[in-house]
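Here is the structure we will look at, set down as structure tokens.
To find a chain, count down the sequence lines: A is the first, B the second, and so on, and within it residues start at 1. No hydrogens, no waters, no symmetry mates; every other heavy atom, side chains included, goes into these values.
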2 protein chains.
Amino acid sequence: MSVTMRDVARAANVSIATVSHVVNDKQGARIGEDARRRVLKAVAELGYQPNALAKTLSQGRSRFIGLVADAIASTPFAGQIIHGAQDEAWRQGYVLLIANTEGNAAAEKEAIAMMLQYQVHGILYSTWYHREIEVPPPLQHTDTVLVNCYAVDAEYPTVVPDEEQGGRAATEELIAAGHRRIAFVNTTSPSPAKTGRLAGYLSALEAAGLEYDASLVFEAEPAQEGGYAVAASVIESGVSAVFCHNDRVAMGLYDGVREHGLRIPTDIAVMGFDNQEVIAAHLRPPLSTVALPHYELGAAGVRTLLGIGMERGSSRLLVECPPIARASL
Amino acid sequence: MSVTMRDVARAANVSIATVSHVVNDKQGARIGEDARRRVLKAVAELGYQPNALAKTLSQGRSRFIGLVADAIASTPFAGQIIHGAQDEAWRQGYVLLIANTEGNAAAEKEAIAMMLQYQVHGILYSTWYHREIEVPPPLQHTDTVLVNCYAVDAEYPTVVPDEEQGGRAATEELIAAGHRRIAFVNTTSPSPAKTGRLAGYLSALEAAGLEYDASLVFEAEPAQEGGYAVAASVIESGVSAVFCHNDRVAMGLYDGVREHGLRIPTDIAVMGFDNQEVIAAHLRPPLSTVALPHYELGAAGVRTLLGIGMERGSSRLLVECPPIARASL
DNA sequence: ATGAAAGCGCTAACAA
DNA sequence: TTGTTAGCGCTTTCAT
């Protein structure tokens with residue numbers, strides 16, 4: 001079936017060891033110009049492809065990195081994590097093994113077992129939204145990096161978005177646009193996003209010398225329906241700008257605001273969070289927001305796993321959430 | 001480092017062949033109850049995990065399936081394809097190797113080479129939106145299945161959504177709701193979706209004995225902006241229902257319709273296409289639409305690759321697009 | 001400068 | 001019922 005090193009060796013009239021050396025461009029061994037040429041020729045002619053599995057076996061160390069995700073499909077977000085991990089892995093000469101668990105513990109266990117069987121170098125454990133998790137026991141047998149989630153008890157290297165910085169950035173954008181009374185529509189569900197973004201909002205206010213008014217902080221279900229429902233109260237509060245917990249809430253708010261005959265951004269400026277492309281970029285007017293750095297989370301995850309560019313000290317890496325300016329303020 | 005079969009054999013005081021037999025539950029060979037128990041015990045105690053790579057090597061055939069996608073992250077759609085492929089692969093005892101090419105030919109080539117090196121059983125070549133492609137040359141060296149795309153020249157097994165059936169289903173929903181004058185806002189960009197959905201619209205009209213009025217077919221950029229822009233004309237045409245090329249167009253149309261003081265579905269019913277969750281499920285009112293069967297495309301792709309449940313004859317599998325009823329009609 | 005040979009962990013005849 | 005052994009394709013040490 002497929003052509004092996006032995007075939008190449010035979011064709012080039014050299015030993016298989018020589019083939020190995022030239023194919024891998026080994027430093028230690030000097031190969032005669034002539035032999036090298038013959039090998040290269042044979043490789044090209046036979047269309048030789050090294051068997052990565054055999055290589056791994058004989059070298060003892062694999063080039064696989066596992067990525068277990070709780071939902072690769074439910075949202076565009078997880079896709080970005082995969083994408084980032086993927087790219088970075090490739091860059092480092094690794095291949096990503098992906099497993100989708102849908103949060104199912106059994107599937108998770110099986111996935112991890114499979115990855116271990118494929119001799120992964122380590123495992124990235126990720127969630128589609130930033131949250132606290134319990135690390136599945138089998139993960140303790142390998143190098144593990146937590147991506148977009150964290151464990152309280154044990155300490156694993158962790159890569160998460162900097163929610164507070166993001167919240168601050170969002171608020172600062174609004175302040176920079178001249179707003180002084182700024183509402184914050186937070187989510188009802190407890191999460192690092194909820195507390196982090198609020199903290200950021202507060203800190204931006206303080207830094208700008210603006211007084212914090214608790215009545216300007218609302219809570220809504222983190223979806224369009226929530227934003228729509230809270231619109232009336234927000235308007236009534238008399239603010240000139242709103243920072244929404246996420247883009248979906250902002251989308252709902254757009255609807256509500258419009259129904260009250262108000263215009264964005266003239267009457268009220270809106271800032272989102274997440275940078276959910278399908279929504280943010282295409283609302284009318286396009287929504288200014290803060291991006292969740294999913295791609296970077298994935299990439300930083302594999303870098304951390306591989307021990308590349310590690311910062312000493314902290315084992316928790318906070319990735320910046322950059323503001324994305326559009327037309328809603 | 002890791003515990004091997006030899007370790008287990010030693011611990012259980014049997015030969016390594018025996019271990020292999022019980023671990024793999026081999027049929028041919030009968031193993032004494034006692035020996036089997038000892039092996040199992042040793043496996044558990046040592047935490048033995050078979051080395052899948054070594055197994056693959058010695059068996060000669062791998063358990064890998066490659067999936068090359070042009071955009072795993074840009075949309076939630078590609079994610080669903082991956083998800084489906086993933087699940088089905090697992091079900092069949094295979095592991096998915098994913099590569100993201102961003103449509104970049106060089107990356108594509110490299111990805112395929114890598115997959116070949118990992119001895120993939122075959123490759124799924126997929127695109128995030130249904131379209132015609134040219135099959136990259138290196139793919140001709142393996143079993144290849146085209147997913148969500150097709151090649152005109154060569155014939156590869158292909159799995160694509162049934163656009164026409166989807167268009168028909170959408171239109172039928174509207175007809176079933178009592179509408180007689182139904183507009184169709186098609187996309188401006190040529191694609192199988194454009195022609196297929198139109199054909200479906202036409203065929204549903206005909207089947208219902210409704211006359212086709214060319215002036216009721218509009219064209220718009222396939223995004224919110226397009227739907228918004230076309231709203232006025234649609235309303236002016238006096239239809240009671242609109243079938244939009246996709247959910248994003250429908251979302252834009254919602255805006256336009258609302259601006260004209262009309263209500264959905266009372267004044268005008270709207271049907272989308274794609275079932276883009278983030279949008280469709282959360283518009284006001286929630287949007288009835290037709291789902292693109294991405295998950296199923298992925299799953300059917302690996303089934304086709306593995307030769308499971310193949311229908312004889314045609315090498316092009318059309319996957320059904322099911323209508324999703326919500327409140328917009 | 002090049003080659004022989006011993007593994008890597010496992011499977012699969014074939015013996016015993 | 002169980003064990004021996006020869007590979008799978010490659011790397012790597014050690015000779016030559």
Does A:Arg36 put a side-chain nitrogen or oxygen below 4.0 Å from OP1 or OP2 of C:dT2?
-> no

List the atom of B:Glu296, the atom of B:Val319, and the distance in Å for their closest heavy-atom pair.
-> CG-CG1, 3.5 Å

Tell me, please, which residues at least two apart from B:Glu108 pass salt bridge (Lys or Arg N to Asp or Glu O under 4.0 Å).
-> none

Residue list, salt bridge (Lys or Arg N to Asp or Glu O under 4.0 Å) with B:Asp162, at least two apart or on another chain = none

Rounded to the nearest Å, what distance is computed from the [atom1] atom of residue [X] to the [atom2] atom of nucleotide [N]?
X	N	atom1	atom2	result
B:Gln27	C:dT11	CD	P	15 Å
B:Leu57	D:dC10	CG	P	9 Å
A:Arg61	C:dG9	CZ	P	14 Å
B:Arg10	D:dT2	CZ	P	19 Å
A:Arg63	C:dC8	CZ	P	21 Å
A:Tyr118	C:dG9	OH	C1'	14 Å
A:Lys26	C:dG3	NZ	C1'	17 Å

Indicate, with a heavy-atom threshold strictly under 4.0 Å, whether A:Ile31 touches base, sugar-phosphate, or nothing.
-> sugar-phosphate

Tell me whether [X] at atom [atom1] has more than 12 heavy atoms from other residues, nucleotides or ligands lying less than 6.0 Å away.
X	atom1	value
A:Gln140	CD	yes
B:Glu132	CD	yes
A:Arg6	CZ	no

Using heavy atoms and a sub-4.0 Å distance, could you list which residues of residues 44-54 of chain B are near DNA chain C? By number, please.
-> B:Tyr48, B:Pro50, B:Asn51, B:Ala54

Of B:Asp34 and B:Gln59, whose closest DNA chain D nucleotide lies nearer the 5' terminus?
-> B:Asp34

With sequence neighbours left out, what residues match A:Asp34 under side-chain hydrogen bond (donor to acceptor under 3.5 Å, both in side chains)?
-> A:Arg38

Residues within residues 14-24 of chain B bordering DNA chain D, heavy-atom distance below 4.0 Å = B:Val14, B:Ser15, B:Ala17, B:Thr18

List for me each residue that meets ring pair (Phe, Tyr, Trp, His ring centres under 6.0 Å) alongside B:Phe64, sequence neighbours excluded, and say none if there are none.
-> A:Phe64, A:Tyr118

Beyond-backbone contact of A:Leu116 with A:Thr142, side-chain heavy atoms, under 4.5 angstrom | yes

Considering only D:dT11, C:dT11, C:dT2, which nucleotide approaches the side chain of B:Met5 most closely?
-> C:dT11

